[in-house]
Amino acid sequence: MAQSKVTREALVQLSQMLRTNHDDILAVKNSMDSQLGSFLWDDPVGRNFIARYYEDLKPIEGKLIPNLVDFCNYLNQQASIVDAYSG
């Protein structure tokens with residue numbers, strides 16, 4: 001069986017870093033949505049671009065963002081477990 005050394009602080013720090021990245025991704029997405037919303041998309045090229053933009057965001061919104069949240073929660077749970085054993 002493989003063993004590794006981990007501390008509660010390391011797990012919490014990784015969780016916080018991932019949460020910050022999660023927040024940064026959402027901030028960039030919201031900024032882009034706001035900027036794209038200010039344009040008139042009345043030509044075929046523009047409509048195609050905006051359709052592809054939202055289509056390409058589906059994996060980010062549908063998988064990446066929820067998985068980041070789930071993994072942060074998992075890391076925090078593991079930090080509690082590690083803390084209980086190291087206390």
Side-chain angles (χ1 to χ4, degrees):
M1 178 189 296
Q3 292 184 349
S4 63
K5 293 184 180 181
V6 67
T7 63
R8 178 189 179 288
E9 292 78 20
L11 291 172
V12 169
Q13 183 178 10
L14 178 58
S15 175
Q16 289 171 344
M17 181 188 68
L18 291 174
R19 179 64 72 170
T20 299
N21 292 338
H22 164 272
D23 295 342
D24 291 345
I25 291 169
L26 288 180
V28 168
K29 181 201 170 301
N30 289 338
S31 174
M32 188 68 175
D33 288 349
S34 175
Q35 291 179 30
L36 290 176
S38 67
F39 292 113
L40 292 175
W41 300 99
D42 57 355
D43 62 279
V45 173
R47 286 191 295 269
N48 184 42
F49 173 81
I50 198 75
R52 286 193 57 211
Y53 168 76
Y54 286 115
E55 186 64 31
D56 290 346
L57 273 180
K58 284 182 182 178
I60 293 171
E61 291 178 312
K63 291 183 180 179
L64 178 64
I65 298 297
N67 285 342
L68 280 173
V69 171
D70 291 345
F71 193 59
C72 287
N73 292 336
Y74 172 77
L75 288 173
N76 289 329
Q77 290 172 349
Q78 296 305 307
S80 296
I81 292 169
V82 167
D83 194 37
Y85 280 103
S86 63

Asks: Give the C-alpha distance, both sets of side-chain angles, the deciding distance and a yes or no for side-chain hydrogen bond (donor to acceptor under 3.5 Å, both in side chains) between Q16 and T20.
Replies: CA-CA 6 Å; Q16 289 171 344; T20 299; over 6 Å; no
Asks: Please list every donor-acceptor pair under 3.5 Å in which a side-chain atom of residues 57-74 meets a protein atom from a residue at least two apart or in another chain.
Replies:
unit_1	atom_1	unit_2	atom_2	d
K58	NZ	E55	OE1	3.2
E61	OE2	K29	NZ	3.1
N67	ND2	K63	O	3.1
N73	ND2	V69	O	3.3

Asks: Between I50 and F39, is there shared hydrophobic-cluster membership here, with clusters defined by ILVMFWY side-chain heavy atoms closer than 4.5 Å?
Replies: yes
Asks: To the nearest 0.5 Å, what is the distance between CG (L26) and OG (S31)?
Replies: 12.5 Å
Asks: Rounded to the nearest 0.5 Å, what's the gap from CG on N76 to CD1 on I81? Could you check?
Replies: 11.5 Å
Asks: Which atom pair, heavy atoms only, marks the closest approach of V12 to A79?
Replies: CG2-CB, 3.8 Å
Asks: Report the C-alpha separation of V82 and T7 in whole Å, then their side-chain angles, then the decisive distance to 0.1 Å, and conclude whether the side-chain contact (heavy atoms from CB on, under 4.5 Å) test is met.
Replies: CA-CA 7 Å; V82 167; T7 63; 5.7 Å; no
Asks: Using side-chain contact (heavy atoms from CB on, under 4.5 Å) as the criterion, list what pairs up with L14, not counting sequence neighbours.
Replies: M17, L18, L75
Asks: Can you confirm whether I25 sits close enough to H22 that some side-chain heavy atom of one is under 4.5 Å from a side-chain heavy atom of the other?
Replies: no
Asks: Sort and list the pairs that fulfil ring-ring contact (aromatic ring centres under 6.0 Å, His included) and have at least one residue in residues 49-69, not counting sequence neighbours.
Replies: W41-F49
